[in-house]
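To start, the structure itself, in structure tokens.
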Number of protein chains: 2
Amino acid sequence: MTDFQLYAANDRAPVPARAATIFDVARRAGVSTKTVSRVLNNEGRVAEDTLARVRAAVADLDYRPNPNARSLAGRRSYLIGLFYDNPSSNYMADIKGGAIRRCQEKGYHLLTEPCEADDPNLPRLMVSVATRFRLDGLILTPPLVDRQDVLDAVAAANVPLVRIAPRTDPERTAHVCMDDQAAARLAAEHLADLGHHRLGMILGHPDHGAAMLRQRGFQQAAADRGLTLLPHHIVPGDFSFASGFAAAERLLSLPDRPTAIFAGNDDMAAATVAAANKHGLQVPRDLSVVGFDDSPIAQVIWPPLTTIRQPTMAMAAAAVDLLIGDGESEPVRQLDFELMVRQSTGPLPG
Amino acid sequence: MTDFQLYAANDRAPVPARAATIFDVARRAGVSTKTVSRVLNNEGRVAEDTLARVRAAVADLDYRPNPNARSLAGRRSYLIGLFYDNPSSNYMADIKGGAIRRCQEKGYHLLTEPCEADDPNLPRLMVSVATRFRLDGLILTPPLVDRQDVLDAVAAANVPLVRIAPRTDPERTAHVCMDDQAAARLAAEHLADLGHHRLGMILGHPDHGAAMLRQRGFQQAAADRGLTLLPHHIVPGDFSFASGFAAAERLLSLPDRPTAIFAGNDDMAAATVAAANKHGLQVPRDLSVVGFDDSPIAQVIWPPLTTIRQPTMAMAAAAVDLLIGDGESEPVRQLDFELMVRQSTGPLPG
DNA sequence: TCCGGATTGGACAACGTTGTCAGATGCGGC
DNA sequence: GCCGCATCTGACAACGTTGTCCAATCCGGA
């Protein structure tokens, strides 16, 4: 420990060969390691001047605690796990981005673990990773949020969990959501306002609760406004571009094809625009398209998509907050959506 | 330790309240903890039957070592750091995906850290995270790969590093690359084969070495084939969709506009297609477009992009391999590219 | 002056693994 | 039968932090 090299907190300081430990800080501040620990963890019960001295020593040494030792000794790992099996890379990129950013702000890190949604061993795997790493919490996204066995196992292991998911079932865990149904209603009303009355819809993956809510909202609004929504104008999809393309081709080949289509997400909406291009139809002149999510793809095609902006990054950040905040706040957080009117929708011609 | 609950390795076994430790395994196998450690880390020098006994105990208890304790005590963390500041979420998603997958296969984990490419404190930050977490290695992507101060600091701290980057400078670190120049040449030749002779190009971000190589390759091939590549048909971009859109609008407004455009990446190629749509031009009838990367966006627009397939996921996986393999293999890995001919290119009409 | 309680500080044992180093064992050769 | 050497095994001390628990100090009131 004698070869430890002090270095001042300026930019020209050499990078130390060995990182400072809590002992170095304690020595420099003239206190015990435990007192340093108290300061670091805001345990309170430390006198003003001691506190200042320790803080100064930490700054001088550019000390940061070793996370491994910390989580080995303590109860927390400052690590949050994000398990997912969602094929939409745009959606997941936003989720990860939002979560990572908030974690960084709070001094946490994010462990992202892709997995298989139909793996029967998933509950064991998740609990194993959680206990092994002493994860401070788990974030789940669709479609994992609906696996009962996973929820049971995680609850039994006493690992805090937040689901990013529509509020479909009795609230057995904390979760972050938005009102998918109201959002879909808003989308339908936008089309109605533009004068469209023959609407089509491409559904999302039936395993995702959100898919059903969006369908319900859209149908409600159509009914309220007296619009026709023929059964064969509601076609299945699974949130993927390919499924959307196929569905759109079906709709656009119909003799009585709809003049406006609401797709369950942006990938399928983009596919609808692509299919329209292929069929020689101009968007929005010949066909209006509304998407859902406002994922990056919405603005990376022509025309840019009119879509429901889902605050994905904010939702992920809120999930982190729920996990870190000591459960004192409301365990359900509903965030606002917004209709982004761009150029894929227009008035019904004629 | 008396309340530890044994459980067999079948699916009905209850999830244990406390995870098994190396002591439990040692006790069950009738050996010391050190011997268990030897088996786990393949240190060799363990008798056949002892090995089998330990392996059986590990399996029975579903034992997995605590990663925190492991990296606290040992030299390795089984953790690889990926620092990045790349605005292309598609590219980064592939990088992360490829790296995570390979890490999982090898029992490692990936710590992803977004950062600011122009943060003067970056070298210190990276070294700090690396030493603190005892990272087994670092992966860098453009444009971070070109920061000399970062490379210096990392080298001084003795942290293994792999760059995913074109081979622009003397090989001071291991790296994974592809031949950007040859790939760009291939793209130009494809356009020449289709009969185009008035070509345009949208350049990538000048800070990325790859941008220059792609330009050079494209120009070489054009010269070799005797094609015209007018100076004002080469316009700047920065790899973003927005920059590509602006560049494409400039090119398409020209009275002598090119009949084919090579964009520095897929985002800008997609923007070119979008701009063409906006201008009432049909792709590929009125304009051929070639991209670079074969990122997801290439197949999510209409028409799907002809592009150079860059094996991004494989490159990330190779980077992980280089880091984990004990430096025995060649520290430079060049992977193959491929021209994906889709429907954004076609013969020159007339 | 002394006492009780609140506040602050510190010694020491976890936490679960690997590194070090010495000890035990087995085997072939003389 | 003994020695030397290679092979295998284990006791014990790190690793860097937090938790537990007790000691010291300070304050106001009796």
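All chains are named by letter (A, B, ...) in the order of the sequence lines, taking the proteins before the strands, and each is independently numbered beginning at 1. Worth knowing before you read on, the calculation uses all heavy atoms, side chains too, and leaves out hydrogens, waters and symmetry mates. This one's a predicted model, so the numbers in the text were calculated from it and none came from an experiment.
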| remark: From the candidates D:dT17, C:dT18, D:dT9, the one with an atom nearest any side-chain atom of A:R70 is D:dT17
| query | Would you say A:D136's side chain and A:S77's backbone share a donor-acceptor pair under 3.5 angstrom? | reply | yes
| task | List for me each residue that meets ring-ring contact (aromatic ring centres under 6.0 Å, His included) alongside A:Y91, sequence neighbours excluded, and say none if there are none. | result | none
| message | Test of understanding: with salt bridge (Lys or Arg N to Asp or Glu O under 4.0 Å), list the residues that count as partners of A:E116, not counting sequence neighbours. | response | none
| remark: Among C:dG16, C:dG9, D:dT18, the one nearest any side-chain atom of A:T35 is C:dG9
| query | Can you list the residues that meet the salt bridge (Lys or Arg N to Asp or Glu O under 4.0 Å) rule with B:D119, with sequence neighbours excluded? | reply | none
| query | How does protein contact run along nucleotides 21-28 of chain D, one letter per nucleotide 5' to 3', with B for base contact, S for sugar-phosphate only, - for none, heavy atoms under 4.0 Å? | reply | --------
Just distance, no hydrogens or angles: give the donor-acceptor pairs under 3.5 Å from side chains in residues 47-59 of chain B, sequence neighbours left out.
from: B:R53; atom 1: NE; to: B:A29; atom 2: O; distance (Å): 2.9
from: B:R53; atom 1: NH2; to: B:A29; atom 2: O; distance (Å): 3.4

Show me, pair by pair, the donor-acceptor contacts under 3.5 angstrom made by side chains of residues 149-158 of chain A, not counting sequence neighbours?
from: A:D149; atom 1: OD1; to: A:R147; atom 2: NE; distance (Å): 3.0
from: A:D149; atom 1: OD1; to: A:R147; atom 2: NH2; distance (Å): 3.3
from: A:D149; atom 1: OD2; to: A:R147; atom 2: NH2; distance (Å): 2.6
from: A:D152; atom 1: OD1; to: A:R172; atom 2: NH1; distance (Å): 3.2
from: A:D152; atom 1: OD1; to: A:R172; atom 2: NH2; distance (Å): 3.0

| task | For B:R102, enumerate each residue passing the salt bridge (Lys or Arg N to Asp or Glu O under 4.0 Å) test, keeping only those at least two apart in sequence or located in another chain. | result | B:E105, B:D321
| Given axes from five pairs at either end, by how many degrees does the helix from C:dT1-D:dA30 to C:dC30-D:dG1 bend, rounded to 10°? | 50°
| task | Compare the minimum distances between each of D:dG10, D:dT18, C:dT17 and the side chain of B:V31, then state the nucleotide with the smallest one. | result | D:dG10
| request: State which residues pass ring-ring contact (aromatic ring centres under 6.0 Å, His included) with B:F83; sequence neighbours excluded, sorted by chain then number. | output: none
| request: When you get a sec, tell me which of D:dC8, D:dC15, C:dG10 is the closest nucleotide to the side chain of B:A47? | output: D:dC8
